[in-house]
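For reference, the structure discussed in these notes is given below.
All chains are named by letter (A, B, ...) in the order of the sequence lines, taking the proteins before the strands, and each is independently numbered beginning at 1.
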Amino acid sequence: MIERRQFLKTIGISGSAALLEQCAPTPSHELIPYLVAPDDVVPGVAAYYATTCRECPAGCGALVKTMNGRITKAEGNPAHPIGRGRLCVRGQAAVQSVYNPDRFRTPLLRDAHGVFQPISWPDAESLLAAKLGAAMQGGADRVAWIGELLTGALDTLTSTWLAALGSRRRLFYETFDYEPLVEAGAIAFGRREVPRYELDRAGFIVSFGAEFLETWLSNVEFTGAYARARRRQLRDPEGTLLVVAPRLSLTGLNADAWIAPRPGSEALVALAMAHAIVADGVAHSSAAPYVRGIASAVAPYAAERVARATDVDAATIRRAARRFVAARPSLAIGGGVGGTSDRHAVQLELACLLLNVLAGNIGETIGYGAGHAVDRLATRNDMLETTRTMASGGVDVLLVHHANPVFTLPPAVGFADAISRVPFVVSFAGAPDETTDRAHLVLPDHHFLESWGDYAPRAGVASLLQPAAAPLFDTRATGDVLIEVANQITADTARAVGRTTWADYVRSRWAGGAAAANDQAAAAAGWQDALASGGRFEAVDAVRPALGDVARALAIDPDAQEPAGPFTFIACPSTHFYDGRSANESWLQEVPDPITKIAWGDWIEIHPDAARRLGIVDGDVVRVTSAHGRIEAAAHLYAGMRPDVIAMPLGYGRLRSSRHAGARGSNAALLLPPTAAGSPHAVWRASGVRVERTGPRRVVIMLQAHVASREDAAPPLGKIVDPGRADAREPPQHPPVDLFPPHEHREHRWGMAIDLNSCTGCNACVAACYAENNIAVVGEQFCGQGREMSWIRIERHAHTVPSESSLHRPANVFLPMLCQQCDEAPCESVCPVYATYHNPEGLNAQVYARCIGTRFCSNNCPYKVRRFNWARYGWEAPLGEQLNPDVTVRSAGVMEKCTFCVQRIQGAKRAARLDGHLLRDGDIVPACAQTCPAEAIVFGDLHDPESRVSRAASDPRGYHVLEELNTRPAITYLRRSVPGAPGDER
Amino acid sequence: MAIFERRDDLLAAIAETGARRVGGATAFAPAFDERILRAAGATDSPVASWTLAGGIAGAASALAFTVWTIRQWPTLVVSGKPLIPWPPLLIIAFELMILTAAAAAVIAFLVSARRARRGTRGAYDPSLSDARFGLLIPCEPARAAEIGDAMTMCGAVTWRIV
Amino acid sequence: MSDEPGAVQALPVPDAMRRVTRDVLATLEWRIPSWLAYWGAVGLCLFVWSIAALVWAYQIYTGLHITGMLHPVMWGAYITSFVFWIGIAHSGTLISAILFLLRAHWRTSLARAAETMTIVAVMTAGIFPILHLGRAWLFYWLVPYPNERGLWVNFSSPLIWDATAVGTYFVVSFLFWFLALIPDFAAVRDRSSGWKRWIFERLALGWTGTAAEWRHFRTAYTLLAALIAVLVVSVHSIVSWDFAVAVVPGWHSTIFAPYFVVGAIFSGLAMLLTLMVPGRFLLEIRDYVTIDHLENVAKLLVAMSLLLTYSYGSEMFFAWYRGDPFERAQWVFRAGGGYAPLFWLTLLCNSVAPLAFLSRRVRRNTTALFALSIVINVGMWSERFVIVVASLAHEYNAYSWGTYRPTVFEWTVLAGSAAWFLFWFLLLIGHIPAVPMAETKERLLETAPLEGVPA
Amino acid sequence: MHVADDKLDCELCHSGARRSPFAGIPPVERCIGCHKYVLTPHPEVAKLRRMWEARKPIRWTRVYTLPQFVRFDHASHVLAKVGCETCHGDVASMDRIGRVVEPAMGACVRCHRERRAPDDCLTCHY
């Protein structure tokens, strides 16, 4: 195993004797101790650092696990209000981007031939200083900064720094902005901010396309809240979530009900609901002062009147409206990227706010006051303006900081041309992307897991970033670079910034905030406390703003039809790649998309009816043409949308030849206009697009053979139950029969309970398992041959529940499938060499060292959760350094599978032994359960009747997958509650 | 030692020896023939009982061995079966029974065949494996000629003293 | 020589017996005109299986990904062929042992070829379980030997039963084969000189053919025949349990044991024809392996084919009658899914084609016999393929259905195994009496008119 | 000789043994910690000094190795009162450290069974 040796070498350098012992297949014959032992590293013992995930603007708290000075795993920080100790699939994969082989290893300068050449830091910095000095002479605003969303230390530093350079041109650019929402807030309540949504307090949620379980605003936080709401609403015959959108995103698939209006008419539906509430006079008392105003504002939008424009019948709208007020406190969420951002985006947000006012949700489930970092994002207008300035040569030096506008802005904006007109472009990116391709100087920043910093997603949540490991390459913190450069340009700039290091800069600011600046002790204590807890968190109480006049802003012609054209194209954010930034992380490529289960490639979603009309079958290459561009990709038939809509995920078609993302698929943004028609906002739709079949089938790697249930298959394994019968315990259809006495497990009987009612299918557990268990990435070709290695996978099972007029029932079940640790496992008895057996604690053990690879166990596993090493799989340097030293790396020809993270079980027992207490419920948390944002997975000891898992397992909704086979799994699944679900299928 | 061309002559010759009160004659044949065997009084064989013994021994030791190995590691439980599941062990035992029984049969044959050849040294003639029959009659040299003639009478093609 | 039976029986007994010796020995002493063809064939086989050996080496080096196997179809062409060859191994013993016990005397002249085929087929089959291992170099862990780890094998595993059964079967059929050869070796010994004589002296173990020797010989032979008759049935039953004890829909069936035994005998007989129709020309033994013998084999084939058809029928019937949705889904898939062509081919080759043997003209036409025997071999292989692969491709969990197609590497290995089989078969049959002489002579004596015995 | 003459405790230098799966090798810093004062004239110690000043780590030769699919946790064994000498032998009496117990599965299992420690495969293999 070459990659292991490589791994070893680096360890040898870092000097830990311990790892040699642990990881060498052919152990080296020398032990190299530290010269001076670092105080926080005990070889072989994990150290955790509290920091903040910066994969997206949500800013979840993270605990980073390091072993022997290497980052092996990222987990959520339980002390942190955002994420509450959970991470999403992208957060889990963040560690992989630390060891991304494509990362810049040194600063680079483009030479005369346009080729990057390494350059030393001092040279690079003085060069930059010179360029900036020159630009300053040119006048004001000749220097522009486009970068990721900043708050706190770096925010202050950059603003003072730019000010010193005489520039106000600083844009915080995020691909997905929340401009309409902010604007609506301003119009309705005079507050330019994104409100705080408390989904867990809502009795009923209506989402007008906001994909809050995937990428919208703060998906981990919202997933947890939504799951809690679902658990509370379990027995509600109407369910918890109604989605109003032309296409079902992952959030939509998790909804109880779905209304599919004509694209662009969502606002009308919302207004019609408001109209219905006012007309029926069921508005909440707290809304009394505003009812008349609202009534006049929404007068034109009677349900019947908008029915034609929206293609939603009046009765359904009324029903939704009644339900919305009845279930107070409820919550209406508007916006969302793939869903409904449109030229009526602001109106939609306003309509949502009106609904929330009418139902009396303001201050209950939706709160103003805290604001959100995204309030400070540059608007699409700002971007266009700057683009124009750049194009007209108004910018001498452009500094790009962790942003990739060249790729993420729709090409129609023309940013790529504009940037080529800028004489000197500097990028702080850590890895190559489309923007660095156009940069003249690259000053690679540390990875955020290697850096100092802070980020405050919203008021009251001041979150700290601290390095979990020494920088892997010759990178430098952007803060340090700015300080150094400022000190080189002029005396003034030097004075403005001061002479310090970035780390001190951050620390001083935090210490200053901690207590009275003069109290050193308190300052130090506050700093230590922040380091330990990952930041400073206090509650901010919400304000109840008064509703302003909205009538003017709501000018939609209720009878207007969307511009004609066969199809509306929707570019959806990717659950795995966000806007494409994480597309180079092989875990995210190999773990299939939660909806389509497609890996390693892009696709275009077409409704089966439309496909039939166009003579397109699954996998055909289709061309989509809009006014702005053309795309070709393989068709994927998806019934979860209107027949007049086609959709495609963003994040593919990265031009840069980074090894995994590069040249894979095509960029959905190609089809998008620079702004929505007749509005200044960004838009992720293109109406009036043409679709045609251009080519024969292309291989699409779909890891789930069949999503929908088929006639030649048996009923779906993921079961559903009607809310009415959620407490009705059905008698077991297959009472266990056995010739032999059952196992007696002396001490423990490890078991798991998975609540299908909570699971949203977000794939976080899958990525966590890859990280924890050294699961090999087999790559595109092998995935295509069905040889992926994932120990846990999310199966999507689609049930058919009849829809009621315009109200459809998605009835989707996401079934996390992993080794069931059967008491009477079919796999065990067929192994000739005892490589797999039943251990005294109820685990279905797999001893890799003993396995000779007859593969009978896998054949005999009804759940098909065993994975075989068909080849010698590698970890390209430095990816190998992420490997978890507590888990054996499996060799070719060996079977492997989930063992409930046995290394964690043994670790917890060991820890308990060492500080002499007994194992408590919750001491052991497998990686999947640890990260599950919906807290759907509970692990524990089935022997202890008081344990959480025992209680969960005895839930009336509980069942075992394929229990008729009498395998006695240790995993109990709890049926998903789906309104209108038929009686038990079998 | 007399060599015959035809089986019936041999049978006659055997009868003749009986008449002349010379016992213990050994008949040679190129192929198995029930009549010759009956005439020559080769009726019973120990092979059968050996085989039986071998079979029983095999089955017993197989059972003992498998049970013993399983008891070596009592924590290795598979599929919720009891530690010592009899159906598989019976299968193993059965196979080993057949194996040892067969081996015993062959060994028994080799041993008793060798014993049977004792005292026929030098009598053998290559033609006996082709188409001819032979009869080896032990007698005191005095009667050799007489018996030789008798054999010729019965149709022996040749006879010689060994 | 003619194709007419009884050319030998017509002669007076002693001459007939001499004639037998002469003809059979002729096959050993390069006096056969077809010796060039013989060595050509042997050489070709050697070449082919050496290529396959190289492929195996590569597979061990790079891993099993060069095969078409995937999740969930973890067994493919290798295991299919294992079952196939084990099946082939069955007719040999069936013919010798069971027919011997039943005093079906026509078996005599076929017995030697059949038994040789058995031994070689087991040798071939035995390779595959090792060949398909993920870590083939650790195959010896399948053997319960005392080791430092204190670990033994899991006797509950059907694979261990399998190893035991196949091992036993090989040893016992070898003993049976060798025992029958002893008197014949003696005959060869007496008719050869020099180093050959030296060898055959050793092989004959000092056989002289006294009445007592014959008695012991016959007792041992009969007992072995009896043991083997039981063994034959048990071995393929156990092979079938490899599948029947699994929970896989399409495998989990109680009729598998008899069903596999019948199939095995069926394919074995077919293979016997495939070998002996050309073989009796090649070795010039048409007087002994006459058209009557071949016809008898054909008759057996019809019987077996009917039994097999019955098994197919009952298997499908119970799949439907049981009412298990997964089992039904499996059969819908077999008949209509990706492997449907093979499924129907199987029925055609094994249930329909052999019915041609109902006509006497076909039974006695060597070309037809040969052609049909090939058809049946193909049918039996694809039957095993459908059982092994189709079942795995379409199990309980719709998430992981998959389609398996053998790769060029696997085909090479399979071709190699066939070559390996022919190589050893030709080598052996060419260097031992291809027809049991002693037994043929015994038949001559038995049928000889009994002249009056002087009182 | 540290053990024999100076009666030093193993864990003084191999401090990992108590708290980590790995006993660990003392950092050069710790050696110097004593040898700044102790036995300074000794040639070996001088060598040590030179390395310390040159900031060069000592390259120790490895005596015991385990394959990567086995987990051995020093801490648990220390806790279970399994003395170092059980595997490493009586270091005091050794002039040059050598293998006492062949680190193979048989030895582990035997010892575990004698001491009623778990003989479940997952104890060490995962």
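Looking at Trp68(B), the atoms closer than 4.5 Å to chain C (heavy atoms on both sides) all sit in the side chain, from C-beta outward. With a 4.5 Å cut-off on non-hydrogen atoms, Thr51(B) touches chain C through its side chain but not through its backbone. Only the side chain of Gln72(B) comes within contact range of chain C, with heavy atoms under 4.5 Å apart. With a 4.5 angstrom heavy-atom cutoff, Thr66(B) touches chain C via backbone and side-chain atoms both.
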Show your working on salt bridge (Lys or Arg N to Asp or Glu O under 4.0 Å) between Arg215(C) and Glu34(B) and close with a plain yes or no.
CA-CA 9 Å; Arg215(C) 162 63 58 205; Glu34(B) 198 55 51; 3.1 Å; yes

Go through Glu213(C) and Arg115(B) one step at a time and tell me if the salt bridge (Lys or Arg N to Asp or Glu O under 4.0 Å) criterion holds.
CA-CA 9 Å; Glu213(C) 280 178 272; Arg115(B) 192 176 298 123; over 6 Å; no

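To the nearest 0.5 Å, atom CG of residue Asn154(C) and atom OG1 of residue Thr69(B) are 9.5 Å apart. Distance check: Trp152(C) CH2 to Phe65(B) CZ gives 4.5 Å after rounding to the nearest 0.5 Å. The distance from the CG atom of Asp190(C) to the OH atom of Tyr124(B) is 3.5 Å, given to the nearest 0.5 Å. With rounding to the nearest 0.5 angstrom, the CZ atom of Arg18(C) is 8.0 Å from the OG atom of Ser127(B).
Residues satisfying the salt bridge (Lys or Arg N to Asp or Glu O under 4.0 Å) test with Asp242(C), not counting sequence neighbours, are none.
Near-neighbour residues of residues 87-112 of chain B relative to chain C, defined by a heavy atom under 4.5 Å from a heavy atom of that chain, comprise Pro88(B), Leu89(B), Ile91(B), Ile92(B), Phe94(B), Glu95(B), Leu96(B), Ile98(B), Leu99(B), Ala101(B), Ala102(B), Ala103(B), Ala105(B), Val106(B), Phe109(B), Leu110(B), Ser112(B). Heavy-atom neighbours of chain B within the stretch residues 169-178 of chain C, taken at a separation under 4.5 angstrom, comprise Val171(C), Val172(C), Leu175(C). Contacts between residues 128-149 of chain B and chain C, defined by a heavy-atom separation under 4.5 Å, are made by Ser129(B), Asp130(B), Ala131(B), Arg132(B), Phe133(B).
By number of non-hydrogen pairs under 4.5 angstrom with chain C, the leading residue of Arg114(B), Glu5(B), Arg117(B) is Arg117(B).
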